[in-house]
Each structure stands twice: as structure tokens, then as C-alpha cells.
2 protein chains.
Amino acid sequence: MFSKATEYALRATIYIAQKSSVVKKLSLSEIAKAIDSPPSFTAKILQLLTKDNCVIHSVRGPNGGFYITESNKQLPLKKVLEAINENELFDKCILGLKKCSETKPCPLHFQYKPIKQELIHLFQTNTIQELSEKADNESLFINNAI
Amino acid sequence: MFSKATEYALRATIYIAQKSSVVKKLSLSEIAKAIDSPPSFTAKILQLLTKDNCVIHSVRGPNGGFYITESNKQLPLKKVLEAINENELFDKCILGLKKCSETKPCPLHFQYKPIKQELIHLFQTNTIQELSEKADNESLFINNAI
DNA sequence: ATAATTAAAGACAAAAATACCTTTAATTAG
DNA sequence: CTAATTAAAGGTATTTTTGTCTTTAATTAT
Ligand code: FES
Ligand code: FES
């Protein structure tokens, strides 16, 4: 479904929303360990999420790290997909035609369309905060620990 | 969503179901041109679909090529995914956890679950024949022609 | 000011996916 | 039987994705 990069981005964002605040920043190594992802690769992805502070924030130096503001927690999960340029996933034709189009639809188009809408809805209506609260309250998981 | 290999496999299968019969086989080059795919790569994929005659059939030599039997047209589209080993796509966790599990669900699990079911349903209920007829009757498309 | 800590940036490496190319085997037509 | 045609098989090449490593810049604590 998603690329590794996207999966790490989503898991990292949820974890940061769970555990960080402006006064409690999380280091790369803590995040990577928590979400079970390769640290250096995760660094690249966090940089994308930090760009223009579009999703998360970062500060360098001692006691530095990554955090997310309360206001950014209100962003829809879709924002994460946009930040790492995988948002167009939901615009694509399921059979791989160059354009998914109503006027030149593939044989699965009209059946796939409502499912696609639900996927878009899923990422548009869930905020980062909501997801992180879910993970908090219902003992849900964002890593592969045993 | 799907890999290129899967996209080509689905488009090729639909095209073969539309145009072939036991007495009218289609050459690799015709298929690749029709579905707008790289011929050599498409050859590999058709081989997988031909293995054990699980989806399509092939014969070598003059007037040889690929075709599908009436009985195989009754197979669900899911069979194509299985043939190229991308069927597990729908078993995977959307956040990339090693296992999608009810007992250790990710924060999106319960919202994603019904969508996943619809995707599975889509590929399980549609037969190859139904899709190819759709493509016939409603001027739907399986290539990128202008 | 200096040293320590942390992310940013960029080069590099490995693996996987995609695409291509050559040889072989099967089949058919003549 | 021979030549032509077509898919099968297997190797190679390219591109993309994933992952690593090193250097630089920013920040903080002492
Ligand atoms: S054209 Fe294929 S999904 Fe819309
Ligand atoms: S655990 Fe993530 S989708 Fe089921």
C-alpha cells in the first residue's frame, strides 16, 4: 500500500504526537527505536516532515530533538502524506493508467471510486491528535515489539 | 497501490479475456502494445500468469500466443494477484507493522478494516469475464491512448 | 570560549523493482 | 526435414527505493 518512507512517517508522527511537547523533545534515536525503523533513513523522513514546520518541529543541540505543537496536532493525517509527496496515491488509477478519469475510466474505476473516497476520508478526517490519543487510550501499537 | 507488475498483469488479463479465444491467440507484442507496457517485462509477468495454467494459457510457435479459456474467465480477479504473489497486499498493516492483528492493532486498524474488506470484496467478486465485458460494453479503457 | 550534543545535509551503498536482451525450446508451415 | 515463428528461460542493465555513513551547523552547558 504505502512505501516504507510513508509508513515510517506516519508511525513517527503518531509517536511524536503521543510523547513530545515543546518542553519535551524526542531524539532521533528514541523515535527510531520506538517505531522500529532504521535511524538514518528515519532522519531523512523527519527532515521532510520538519520542512517549513509543516508537520513537526525540530531543534538542534543538547536537549534538542523533535516535537509537535498543539496546533499542528490538529492537522489531518493527510498532511503527513503531502509532506513526503505520497499524497497523489489516492489520485492514481488502480490499474495504473496514466490518469484516473471519469471520461476515460478503467474497468474497475466506478467500483473502486467509493473505496478510494473512503481512503481519502480516512486520512482527511483523522487528525494527528486523534490518532495519537487512540494509540494512548486503547493500547494500540505503532511498533513491532513482542 | 499496486506494483507495475501487478498493474500490467491485471490489464493484460483483461485484454486477453476481451480479445482471445482458443482459436485466436494473442502475441506478446500485441498485448504489450494494447495495454501500453514494456514487452520484455510483460513477458515475465505473462509467464507467471501461465504457470500451471493458473490464469491464462500459452502455446509456442507460429500462430501461437496467449489466450484464456472460458472456464478460467470465471475466476475472480484475485486469482491474478495470487499468481504474481501480490495477494498478501490486503493482509498487510496500513502502517507497516509486521502483522496486521486484532489483538495488537495499529491506531488505524479498526477504521481501515472495513475499507480493506471492500478491497478484498472487489477482487473476489469480480470475475475476469465480468471485467472484460465491462471493458467491452461501456467503452472503458485499459491503456493510455489519447 | 570550549566541549558536548543534537539535527541537517549530502555523499555513498545495498537492495529491490523495472526493463531489456540473448539464447533455447516448442510448434507450425512448406 | 528445414525454416520461420513464437513463448520460455535466464542473464544483464537501469532505475528507484531503502538504508548507511560522514561532515557540518546549531544549540546548550560548563
Ligand atoms: S481510471 Fe482506473 S481507477 Fe479511475
Ligand atoms: S494493525 Fe495496522 S491495519 Fe491492522
Side-chain angles (χ1 to χ4, degrees), chain A residues 1-13 16 20 22-33 35-68 83-86 88-89 92 96 98, chain B residues 1-13 16 20 22-33 35-68 83-86 88-89 92 96 98:
Chain A
M1 184 85 179
F2 290 129
S3 65
K4 286 290 167 199
T6 302
E7 291 173 357
Y8 299 152
L10 290 168
R11 301 219 297 271
T13 301
I16 292 168
S20 83
V22 181
V23 294
K24 183 171 182 307
K25 305 180 190 77
L26 309 176
S27 71
L28 169 65
S29 64
E30 172 179 351
I31 295 166
K33 183 172 288 184
I35 68 170
D36 190 25
S37 65
S40 297
F41 191 42
T42 305
K44 297 291 183 192
I45 293 157
L46 293 182
Q47 273 182 50
L48 290 172
L49 297 176
T50 306
K51 209 145 225 164
D52 311 318
N53 295 322
C54 65
V55 177
I56 60 176
H57 291 246
S58 70
V59 297
R60 299 201 256 202
N63 305 314
F66 300 90
Y67 68 97
I68 186 168
I84 60 173
N85 309 308
E86 194 146 16
E88 334 77 58
L89 177 68
K92 284 185 183 159
K98 288 209 187 77
Chain B
M1 183 84 179
F2 289 128
S3 65
K4 287 289 167 201
T6 303
E7 291 172 357
Y8 299 153
L10 290 167
R11 301 218 298 268
T13 300
I16 292 168
S20 83
V22 181
V23 294
K24 185 172 183 305
K25 305 181 191 74
L26 310 177
S27 71
L28 169 65
S29 64
E30 172 180 350
I31 294 165
K33 184 173 288 183
I35 69 170
D36 191 24
S37 66
S40 296
F41 190 43
T42 306
K44 297 291 184 192
I45 293 156
L46 293 182
Q47 275 181 49
L48 290 173
L49 296 176
T50 306
K51 209 143 227 167
D52 312 317
N53 295 323
C54 66
V55 178
I56 60 176
H57 290 247
S58 70
V59 296
R60 299 200 257 202
N63 303 315
F66 300 89
Y67 67 98
I68 187 168
I84 58 173
N85 309 309
E86 194 146 20
E88 335 76 57
L89 177 68
K92 286 185 185 160
K98 288 207 186 78

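What you are looking at is a predicted structure, and each value in this text was computed from that prediction instead of being measured. Chain letters run A, B, ... following the sequence lines, proteins first and then strands; every chain starts at 1.
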> Could you check which of C:dC21, D:dA7, C:dT18 has an atom nearest any side-chain atom of B:L28?
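Of the candidates, D:dA7 comes closest.
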> Test of understanding: with ring pair (Phe, Tyr, Trp, His ring centres under 6.0 Å), list the residues that count as partners of B:Y8, not counting sequence neighbours.
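By the ring pair (Phe, Tyr, Trp, His ring centres under 6.0 Å) rule, B:Y8 matches B:F41.
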> Flag the pair B:E7 and B:K4 as a salt bridge only when some basic side-chain nitrogen lies within less than 4.0 angstrom of an acidic carboxylate oxygen.
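Yes, charged N to carboxylate O under 4.0 Å.
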> Distance check: side-chain N/O of B:Y8 vs OP1/OP2 of C:dT18, anything under 4.0 Å?
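Negative; the distance criterion is not met.
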> Looking for any heavy atom pair under 4.0 Å, which part of the strands does A:S40 touch: base, sugar-phosphate only, or nothing?
base
> Ignoring the backbone of B:A5, work out which of D:dT18, D:dA8, C:dT18 is nearest its side chain.
C:dT18
> Pick base, sugar-phosphate or nothing for A:K44, based on heavy-atom distances below 4.0 Å to the nucleic acid.
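Base, at least one base heavy atom under 4.0 Å.
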> Determine the contact category for A:I56: base if any of its heavy atoms lies under 4.0 Å from a base atom, sugar-phosphate if only primed atoms, P, OP1 or OP2 are that close, otherwise nothing.
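A:I56: no heavy atom of the nucleic acid under 4.0 Å.
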> Under 4.0 Å between a side-chain N or O of A:Q47 and OP1 or OP2 of C:dA7?
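Negative; the distance criterion is not met.
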> Which whole-number value in Å describes the distance from A:F41 CZ to C:dA15 P?
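Going from A:F41 (CZ) to C:dA15 (P), I get 15 Å.
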> Starting the side chain at C-beta, find the nucleotide from C:dA7, D:dA8, D:dT28 nearest to A:P62.
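Of all the options, the side chain of A:P62 is nearest to D:dT28.
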> For a quick check of understanding: with a heavy-atom distance under 4.0 Å over all strands, which category does B:L48 fall into, base, sugar-phosphate or nothing?
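Here B:L48 touches no strand at all.
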> Can you measure A:Y67 atom OH to C:dT6 atom P for me and round it to whole angstrom units?
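After rounding, the reported distance stands at 16 Å.
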> Work out which heavy atom in B:S20 is nearest to a heavy atom in B:I68; give both atom names and the distance.
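Heavy atoms only, the tightest pair is OG-N, 3.2 Å.
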> Between A:C54 and A:L48, which heavy-atom pair has the shortest distance, and what is it?
SG-O, 3.9 Å
> Identify, between A:F2 and B:K51, the residue whose nearest nucleotide on DNA chain D lies closer to the 5' end.
B:K51
> Please tell me which of the listed nucleotides, C:dC20, C:dA7, D:dT20, lies nearest to the side chain of A:P38?
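Nearest to the side-chain atoms of A:P38, counting from C-beta on, is D:dT20.
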> In whole angstroms, how far is the C1' atom of C:dT18 from the CD1 atom of B:I45?
9 Å
> Does a side-chain N or O from B:S58 land closer than 4.0 Å to OP1 or OP2 of D:dT6, or not?
no
> Could you tell me whether the phosphate oxygens of D:dA29, OP1 or OP2, come under 4.0 Å of any side-chain nitrogen or oxygen in A:N63?
yes
> Measure the shortest side-chain to side-chain distance between B:F66 and B:L49 over non-hydrogen atoms and say whether it is less than 4.5 angstrom.
no
> On DNA chain C, does the nearest nucleotide to B:K4 precede the nearest nucleotide to A:A43 from the 5' side, or the other way round? Give the residue.
A:A43
> In whole Å, what is the span from the CG atom of B:N85 to the P atom of C:dT18?
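After rounding, the gap between these two atoms is 13 Å.
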> Please state how far atom CZ in A:F66 lies from atom C1' in D:dT27, giving the value in whole angstrom units.
14 Å
> Write down the distance between NZ (B:K25) and P (D:dT5), rounded to a whole number of angstrom.
17 Å
> Nearest whole angstrom, please: distance from the C1' of D:dA9 to the CG of B:L46.
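Value for this atom pair: 14 Å.
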> Measure the distance from NE2 on B:H57 to C1' on D:dA8 and round it to the nearest whole Å.
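In whole Å, D:dA8 C1' lies 17 Å from B:H57 NE2.
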> Looking at side-chain heavy atoms only, is the closest gap between A:L46 and A:I16 below 4.5 Å?
yes
